[in-house]
> 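Take this structure, written in structure tokens, and hold onto it; I'll ask about it next.
Letters A, B, ... mirror the listed sequences (proteins, then strands); counts begin at 1. These values consider heavy atoms only, across backbone and side chains, with no hydrogens, waters or symmetry-generated copies.
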Amino acid sequence: MAKTETLKATLPARAWLPPLDSGMLTMAALIGFMGFYVLYPLVLILINSFNTATIAEPPVYGLKAWREAFSEPGIWRSLWNSVRIGIVLQVIALPLGIFLSWLISRTNVLFADAFEFGFWISFFLPPLATTFGWMLMLDPSTGLINSWLRQLTGSSALNFDIYSFAGIIWVHLVSHGISTKVMLLTPAFRRMDASMEEASRMSGAGPLTTLIRITVPAMTPVIIVVFLLSVIRIFSSFEIELLLGVPWSFYVYSTKIVDLARQEPPLVNQAAALGSVILLFLAAFIPLQRRLIARRQFTTVTGQFKPKIIDLGPWRYPATALVALVIFLLDVVPVLSVLGGSFMTRFGFFNLPKTWTLDYWKMALNDPRILQGLHNTLIVAVSAALFGVLFFSLVGYVLVRTKLPGRGILDSICWLPSAIPGVLAGLGLLWMFLGTPFFRPFYGTIVLLVIASVLGGITLSTQILKANFVQLGKELEEASRMSGAGFWKTYFKVVLPLMAQTMVMVGVLKFMFASHHTSSIILLATSETRTLSLLALDQVAAGYREVASITVIFIMALTVGVAIISRSFGLKVGIRAE
Amino acid sequence: MSFLRIRNLYKAFERVVAVNRIDLEIKQGEFFTFLGSSGCGKTTTLRMIGGLEKPEGGEIYLGDRCLVSAEQKIFVKPEKRDMGMVFQSYALWPHMTVFENVAYPLKLRSASRSEIRAKVEEVLGLVGLSGLEDRPAPALSGGQQQRVALARALVFSPKVLLLDEPLSNLDAQLREEMRRELKSLQRRVNVTVIFVTHDQIEALSLSDRIAIMKFGVLEQVATPEEVYYKPSTPFVRDFLGKTFLLPGKVAGISDQQVQVEVHGVGASALTLDRQNVISSGNGFPKIGQSAMIAIRPEKIFLSDRTDAGHSNVVEGKLQATQFLGDRYEYTVTLGTETRVIVSPEARQLKRGGKVFLELKPEGMTLWPRES
């Protein structure tokens with residue numbers, strides 16, 4: 001009797017991915033591959049920070065790179081600048097993000113759904129596009145807003161120079177600083193049990209007291225998660241600082257690494273030393289982040305009653321106007337200015353004899369570099385989407401559905417890339433491809449860019465896929481197993497078709513991110529393999545604003561355009577706070 | 001004098017009417033219950049009293065004070081109504097301890113520290129939670145959370161206590177225990193309680209008066225005994241407990257009594273008191289009219305033979321007998337309906353055999369035949 005009991009107890013664990021050895025083999029292969037893919041480049045960075053020879057030369061170990069890197073004040077300053085931007089940005093963006101998501105999810109502000117869509121659009125607008133759009137507005141001499149202000153006041157006293165610390169903060173805010181938080185917090189606010197707020201009202205508190213003393217504290221776990229997600233990306237931000245900081249020699253962590261690696265001769269070892277500092281910081285930070293995320297949430301029992309919306313009374317219209325203004329700054333201004341930039345003879349000059357022109361478009365459409373860039377972008381983005389979906393769905397499935405040992409390790413590896421600054425991942429891959437003879441032939445080809453781009457969205461992809469595998473009833477697969485299909489047959493015939501929609505969604509996400517990310521590929525691309533985003537960065541740096549706006553329009557079409565089209569086909573691309 | 005007055009209250013969500021022009025008066029210190037199945041508008045009514053929903057029409061007065069009037073465009077916010085509320089989900093704030101949860105309403109009323117401490121301790125003692133002040137709210141069991149929610153709603157001595165299905169998340173045993181405590185608590189605190197439930201046992205056992213709601217309308221407002229034994233509408237009759245319905249025809253009417261001929265149950269005519277006739281307003285009953293007798297199973301006396309001298313005896317068929325320790329349950333078919341009749345005594349009855357059922361006159365009500 002007792003024997004059969006133990007037999008039964010062990011059965012479910014073993015029954016899932018038998019035979020055991022083939023399951024173990026799959027797991028070992030996954031961990032091996034992912035480890036090599038994610039960890040090996042990072043290890044190379046660490047090792048090579050102690051190497052004094054350049055890439056592709058026999059290594060000579062020593063502390064020279066570290067000594068040199070940190071005797072140069074510029075490196076310290078760049079680290080401090082990253083931290084400084086991060087702090088100021090979060091201090092402004094977090095309260096603002098909380099307040100805005102509360103407004104659109106819990107109050108009777110008008111057009112809440114449209115506003116949410118606006119934040120969603122902003123989330124998909126590449127930082128490159130937002131930055132460029134605002135550059136056209138706030139350039140100290142040619143910026144449209146600055147010209148207007150000069151005309152209005154007759155002096156340049158109110159000029160706002162976007163090439164400044166404040167300018168960088170401003171563009172961060174209107175780029176992803178606010179919209180990410182609103183996107184993550186709004187669903188969480190919606191799920192919160194409304195009776196907690198009502199209980200506060202019944203206790204005698206007004207709406208504002210309730211927001212400050214009940215709603216926000218009760219949401220603290222989610223807010224902490226959102227905050228950590230932002231903090232861990234302090235060192236990742238790249239394009240904004242590249243476009244707005246480098247012109248006045250203001251460097252942050254990521255732009256400094258690129259600067260070091262691109263000097264002649266390249267100071268890759270110093271870049272590696274700088275990279276290692278952050279790796280050590282992340283090594284301490286990621287476990288903390290994961291613990292906090294795992295321990296998240298007070299339990300909030302939801303009542304049957306549908307969430308009741310707070311009546312703002314006379315504040316309803318001012319609040320609506322406020323959210324509308326934010327959306328205007330986040331979406332409308334950058335998009336319009338980029339569009340305007342591409343059709344105007346000289347952007348911002350409305351009184352030229354010929355204000356509007358199609359010349360730049362004609363030029364751009366005949367420009368082999370733009371066509372080449374589009375071609376490269378499509379190759380990179382499509383491959384990233386396809387490989388990413390196929391591979392990470394397998395990873396997600398194994399993580400959720402099997403009881404194989406080593407899942408914890410695999411899961412941790414999947415979390416890592418979200419925290420690794422793109423520049424650092426690119427640097428590691430650069431080393432891997434130049435330093436390993438087997439890979440060297442690939443250097444300079446677009447394969448590198450594909451590999452770097454697939455790596456880019458691992459965390460998000462696996463998290464979305466995992467969440468959906470959890471929701472998918474296990475019985476459907478079990479029925480297939482009972483009908484005689486094996487693990488792989490079940491995976492291809494039952495799981496994949498059922499997950500088709502999620503797969504497409506993850507693919508679309510990967511496509512969009514791959515088509516606008518620059519930080520992870522900037523060190524890997526050549527003039528033949530550069531994508532549209534890299535081309536745009538070069539064009540802006542060279543001062544070809546009008547042509548750059550056309551490139552940026554292409555990028556926006558590939559990101560926001562694809563996002564809107566897929567959404568209209570019913571793919572709700574949402575990101576969960578947990 | 002009535003304490004809380006509701007006049008012509010109306011509320012619709014989109015195009016669904018949730019509360020359809022109800023009028024109601026609730027007395028001070030009363031335990032008043034809204035009873036009905038889900039979607040009947042009971043919770044919406046409660047939330048309108050509390051100020052969590054705005055009515056589209058009608059008025060609510062607390063004493064002389066107008067809380068809401070759609071016509072005069074008056075709306076007192078929930079925080080200014082001085083009412084305590086216990087939510088179905090308890091809605092304890094997870095970031096606060098038990099003490100902080102209960103102290104919150106007092107802090108908002110800027111009470112002094114010592115006053116807060118004293119009051120919170122007093123009310124926690126009242127609900128039997130002394131000593132748990134420093135626990136975080138989510139660390140409590142369901143029953144304890146419920147008590148904290150109750151303490152929080154009572155701590156500032158509100159004029160009215162609103163309870164929105166507070167017992168429905170508890171398991172059966174705990175629910176029974178809390179029910180008793182709730183009643184004794186209300187007696188001690190002497191606060192006016194407005195209670196919403198879909199559970200008839202809770203409603204019958206706790207309430208001074210019950211309002212039975214259906215589709216946003218009050219079907220009947222009366223004491224528990226009245227709604228149970230003298231339901232005023234067929235809905236109330238069928239909603240509460242079980243009934244046997246015997247179709248028949250009015251055979252005779254006197255000053256005190258009505259005779260009804262019933263078909264196919266082995267009796268000539270049944271007699272019931274005139275006051276148990278549910279008037280339908282249009283001259284009912286008249287001789288010859290179709291009618292329906294309703295009776296609760298517990299008002300039926302079961303016997304194996306007809307004793308002379310007993311009137312109102314009908315014949316039924318025994319389907320099954322079950323012994324449940326403290327009682328017997330006899331499943332009996334009477335006419336076309338089969339119900340369970342409970343009796344504490346064992347009777348010598350044959351399964352499948354004839355049984356005689358004596359219908360107590362005070363338990364019978366006469367209804368016009370429903371089409």
> Report the C-alpha distance between B:Y104 and A:I214 in whole Å, list the side-chain angles of each, state the deciding distance to 0.1 Å, and finish with yes or no for side chain to side chain contact (heavy atoms under 4.5 Å, CB included).
CA-CA 10 Å; B:Y104 182 80; A:I214 301 298; 3.5 Å; yes
> Search all heavy atoms of B:E79 against all heavy atoms of A:P207 and return the closest pair with its distance.
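It is OE2-CD, 3.6 Å.
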> To the nearest 0.5 Å, tell me how far B:H95 NE2 sits from A:T215 OG1.
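Reported value, rounded in 0.5 Å steps: 8.5 Å.
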> Counting only heavy atoms not in B:F215 (residues, nucleotides, ligands), do more than 12 fall under 6.0 Å from its CZ?
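Counting neighbours around CZ of B:F215, 12 or fewer heavy atoms of other residues, nucleotides or ligands fall under 6.0 Å, so no.
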> Would you check, one step at a time, whether the test side chain to side chain contact (heavy atoms under 4.5 Å, CB included) holds for B:L108 with A:R213?
CA-CA 11 Å; B:L108 289 167; A:R213 295 184 61 169; 4.2 Å; yes
> Would you please test B:L162 and A:M202 for side chain to side chain contact (heavy atoms under 4.5 Å, CB included) and show each step?
CA-CA 10 Å; B:L162 307 175; A:M202 296 305 293; 3.8 Å; yes
> Atom CD1 of residue position B:I201 - does it have more than 12 heavy atoms of other residues, nucleotides or ligands inside 6.0 Å?
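Atom CD1 in B:I201 is not packed in, count stays at 12 or less.
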> Rounded to the nearest 0.5 Å, how far does CD of A:E198 lie from CD of B:E53?
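Here the interatomic distance stands at 7.5 Å.
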> How far does OG of A:S195 sit from CD of B:Q88, to the nearest 0.5 angstrom?
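Result: 8.5 Å between the selected atoms.
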> Is chain A contacted by the side chain of B:L106, its backbone, both, or neither, given a heavy-atom distance below 4.5 Å?
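No part of B:L106 comes within 4.5 Å of chain A.
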> Identify the heavy atoms of A:A199 and B:F87 that sit nearest to each other, and give their distance.
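The answer is CA-CE1, 3.3 Å.
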> So does B:K107 have more than 12 non-hydrogen atoms from other groups sitting under 6.0 Å from NZ?
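Enclosed.
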> Determine whether more than 12 heavy atoms belonging to other residues, nucleotides or ligands lie under 6.0 Å from atom CD of B:Q173.
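Not more than 12 within 6.0 Å, no.
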> For a quick test of reading the model, state the closest non-hydrogen atom pair linking B:P94 to A:M196 and the distance between them.
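Minimum heavy-atom separation between B:P94 and A:M196: CD-SD, 3.5 Å.
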> Run the salt bridge (Lys or Arg N to Asp or Glu O under 4.0 Å) test against B:R109 and tell me which residues pass, sequence neighbours left out.
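Salt bridge (Lys or Arg N to Asp or Glu O under 4.0 Å) list for B:R109, sorted by chain: B:D82.
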